[in-house]
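Right, one structure below, let's go through it.
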Amino acid sequence: MLDFLYQPWPWYVAGPIIGLTVPILLLLGGKMFGVSANLRHACAACNFGNIEFFNYDWKSAGRWNITFLVGTVLGGFLGGYVFANPEPIQLAASTITDLQALGIQDFNGLVPNDLFAWDMLGTGVGLTVLVLGGFLVGFGARYAGGCTSGHAISGLSDLQLASLIAVIGFFIGGLIMTFFIYPIILG
Amino acid sequence: MKFSEYLKYLLIGTGFGFVLVKSEVVSWFRIQEMFRFDSIHMYGIIGLAVIVGIISVQIIKRKNMKDAEGNPISIPPKDASQVTRYIVGGSIFGLGWALLGACPGPMFALLGSGLTIMVIPILAALAGTYTYGLLRDKIPH
């Protein structure tokens with residue numbers, strides 16, 4: 001049993017569990033699942049400059065979701081720190097070859113230590129990945145009206161056409177970045 | 001919100017964060033692998049999550065089920081006529097998703113796993129969200 005907590009979970013175990021988040025939140029609280037709304041709630045809590053988009057009662061709208069997010073951090077601590085898998089991720093060999101060609105050396109852990117480190121903030125590559133990447137995720141999620149959880153999981157679960165279009169958009173941007181822009185950034 | 005409500009959402013969120021890490025969805029490497037179509041891993045996870053989601057949402061709707069407080073469950077429809085918003089906004093999100101290798105949930109799960117540098121992308125994502133609020137009336141939807 002303890003082994004199971006340390007080991008990585010295969011996709012056919014993890015996928016259905018992630019999918020169950022949707023009915024669990026609907027049945028236990030009548031809530032529609034989505035993580036990026038929290039970023040909006042945080043902006044609404046501050047709302048510098050009194051922007052209309054952030055003028056709403058974020059406490060009544062977002063308390064449950066912010067609590068959920070605190071849980072996500074805690075779950076990350078349990079899964080990635082307390083019960084961390086000591087082995088490197090079993091990536092496809094072709095991905096490793098591709099990434100090595102782009103200069104990624106360290107394949108231990110969940111993210112490459114070549115990129116995700118505090119001293120990378122002083123470099124163009126680090127600023128691009130960490131700051132521009134985060135900015136585009138935040139801007140794009142709100143522009144598209146949701147992120148991976150809100151559209152790809154919740155929206156598609158409810159067969160919403162809007163979410164299907166958004167997910168197609170996610171892949172258009174993701175493929176352009178992977179095949180055309182990332183080689184330039186890491187080049 | 002009552003204490004038990006906080007506890008409820010905290011526990012569901014904890015389970016969510018735990019499975020995000022155990023399934024390696026939070027991994028930059030897995031996202032690179034997904035966009036290169038090199039493995040079934042991420043597609044299997046998203047695909048099975050959606051199948052389980054669709055089946056359960058259909059059951060909830062057809063049986064007119066109520067939530068734990070006895071309120072009818074209603075899912076607000078998204079306006080699919082705003083195609084620009086979903087394609088352009090979605091593509092901008094996708095550029096960031098591939099670049100950072102993490103979407104909003106994983107950013108926070110990674111922070112919890114001890115990767116303190118994730119504070120920076122989270123702050124940048126807040127700046128992005130704020131910028132959207134600032135420009136919302138000036139960009140096409």
Side-chain angles (χ1 to χ4, degrees), chain A residues 9 11 14-19 22-23 26 28 30 35-36 39 43 51 53 63-64 67-68 71-77 79-81 92 94-95 110-111 116 130-131 133-144 147-148 156-158 160-162 165-166 169-170 172-174 177-178, chain B residues 1 6 9-10 13-14 17-19 21-23 27-29 33 35 38-39 41 44-45 48-50 52-54 56-57 67-68 71 73 75 78 80 86-87 89-100 103-105 108-109 112-114 117 120-121 124-125 128-130 132-133 136:
Chain A
W9 294 359
W11 57 268
I17 299 176
I18 292 175
V22 176
L26 281 173
L28 290 184
V35 175
S36 68
L39 299 169
C43 288
I51 294 167
F53 184 62
R63 246 185 313 217
W64 78 269
T67 312
F68 178 93
T72 306
V73 176
L74 197 64
F77 172 71
Y81 189 84
S94 43
T95 303
L110 293 164
V111 297
F116 290 78
L130 300 166
V131 179
F135 185 89
L136 293 173
V137 164
F139 184 88
R142 214 62 276 130
Y143 195 171
C147 59
T148 333
L156 290 185
S157 290
D158 188 35
Q160 301 251 2
L161 177 61
I165 304 172
F170 294 171
I172 293 174
M177 177 57 67
T178 303
Chain B
M1 236 164 64
Y6 282 107
Y9 293 116
L10 187 76
T14 304
F18 192 77
V19 66
V21 174
K22 283 289 125 190
S23 62
S27 170
W28 181 93
F29 296 114
E33 185 188 55
F35 282 125
D38 282 346
S39 165
H41 189 85
I45 289 176
L48 285 180
V50 170
V52 167
I54 289 173
S56 31
V57 168
D67 67 23
N71 300 312
I73 293 173
I75 303 174
K78 302 176 204 284
Y86 297 118
I87 285 289
S91 297
I92 293 173
F93 177 83
L95 288 169
W97 188 18
L99 182 56
L100 180 65
C103 46
F108 287 91
S113 79
I117 188 68
I120 300 298
T129 304
Y130 181 82
Y132 170 74
R136 187 165 166 260

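A, B, ... follow the sequence lines: proteins, then strands. Residue 1 opens every chain.
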Exercise. Which region of A:I17, side chain (C-beta onward) or backbone (N, CA, C, O), has a non-hydrogen atom less than 4.5 Å from a non-hydrogen atom of chain B, or is it both or neither?
Worked result: side chain
For this session: Just give me the residue among A:P23, A:C43, A:G79, A:G75 that pairs up with chain B most often, heavy atom to heavy atom, under 4.5 Å.
Result: A:G75
Seminar exercise, completed: Minimal heavy-atom distance between B:S23 and A:A14, with the atoms involved, is CB-CB, 3.2 Å
Exercise. Under 6.0 Å between ring centres, would you say that holds for A:F170 and B:F93?
Worked result: yes
Exercise. Out of A:P16, A:S36, A:A141, A:G30, which one racks up the most heavy-atom pairs below 4.5 Å with chain B?
Worked result: A:P16
Problem set entry | Winner by heavy-atom pair count (cut-off under 4.5 Å) against chain B, out of A:C147, A:S94, A:G138 | A:G138
For this session: Would you mind telling me which of B:G114, B:A80, B:G112 has the largest number of heavy-atom pairs within less than 4.5 Å of chain A?
Result: B:G112
For this session: Go through the atoms of B:N71 and report whether side chain, backbone, both or neither lie under 4.5 Å from a heavy atom of chain A.
Result: neither
Seminar exercise, completed: In terms of heavy-atom contacts, A:T72 and B:G105 come closest through CG2-O, 3.8 Å
Exercise. Once you round to the nearest 0.5 Å, how far does CG of A:L39 lie from CZ of B:F108?
Worked result: 5.5 Å
Exercise. Hey, does A:W9 have a side-chain heavy atom less than 4.5 Å from the side chain of B:V19?
Worked result: yes
Seminar exercise, completed: The reported gap from CG in A:L74 to CG in B:L10 (rounded to nearest 0.5 angstrom) is 6.0 Å
Problem set entry | Greatest number of heavy atom pairs closer than 4.5 Å to chain A - which of B:I92, B:V57, B:T129, B:V52 | B:T129
Exercise. To the nearest 0.5 Å, what is the distance between CG (B:D67) and CG (A:L26)?
Worked result: 9.0 Å
Exercise. What pair of heavy atoms forms the shortest contact from B:G53 to A:S157, and how long is it?
Worked result: CA-OG, 3.1 Å
Exercise. Quick one: are A:L136 and B:L100 in side-chain contact, heavy atoms under 4.5 Å?
Worked result: no
For this session: Could you tell me which portion of A:I51 (side chain, backbone, both or neither) has an atom closer than 4.5 angstrom to a non-hydrogen atom of chain B?
Result: side chain
Problem set entry | Nearest-0.5 Å distance, OG1 of residue A:T95 to CG of residue B:D38 | 3.5 Å
Exercise. Shortest non-hydrogen contact from A:Q160 to B:K78?
Worked result: OE1-N, 2.7 Å
Exercise. Looking at A:I172, A:T67, A:V35, which has the largest count of heavy-atom pairs under 4.5 Å with chain B?
Worked result: A:T67
For this session: Report the relative orientation of the aromatic rings in A:F53 and B:Y132; use parallel for angles under 30°, tilted for 30 to 60°, perpendicular for over 60°.
Result: perpendicular
Exercise. If only atom types and distance count, is the side chain of B:S27 paired as donor or acceptor with the main-chain N or O of A:L110 below 3.5 Å?
Worked result: yes
For this session: Heavy atoms only: give me the nearest A:V111-B:F29 pair and the separation to one decimal.
Result: C-CE1, 3.6 Å
Exercise. Based on non-hydrogen pairs under 4.5 Å, which of B:Y130, B:Y9, B:W97 is most in contact with chain A?
Worked result: B:Y9
Problem set entry | Contacting moiety of A:V22, where chain B heavy atoms sit under 4.5 Å | side chain
Exercise. For the residue pair B:E33 and A:A92, what are the closest heavy atoms and their distance?
Worked result: OE2-N, 2.7 Å
For this session: Measure B:I73 against the heavy atoms of chain A and call it side chain, backbone, both or neither at under 4.5 Å.
Result: side chain
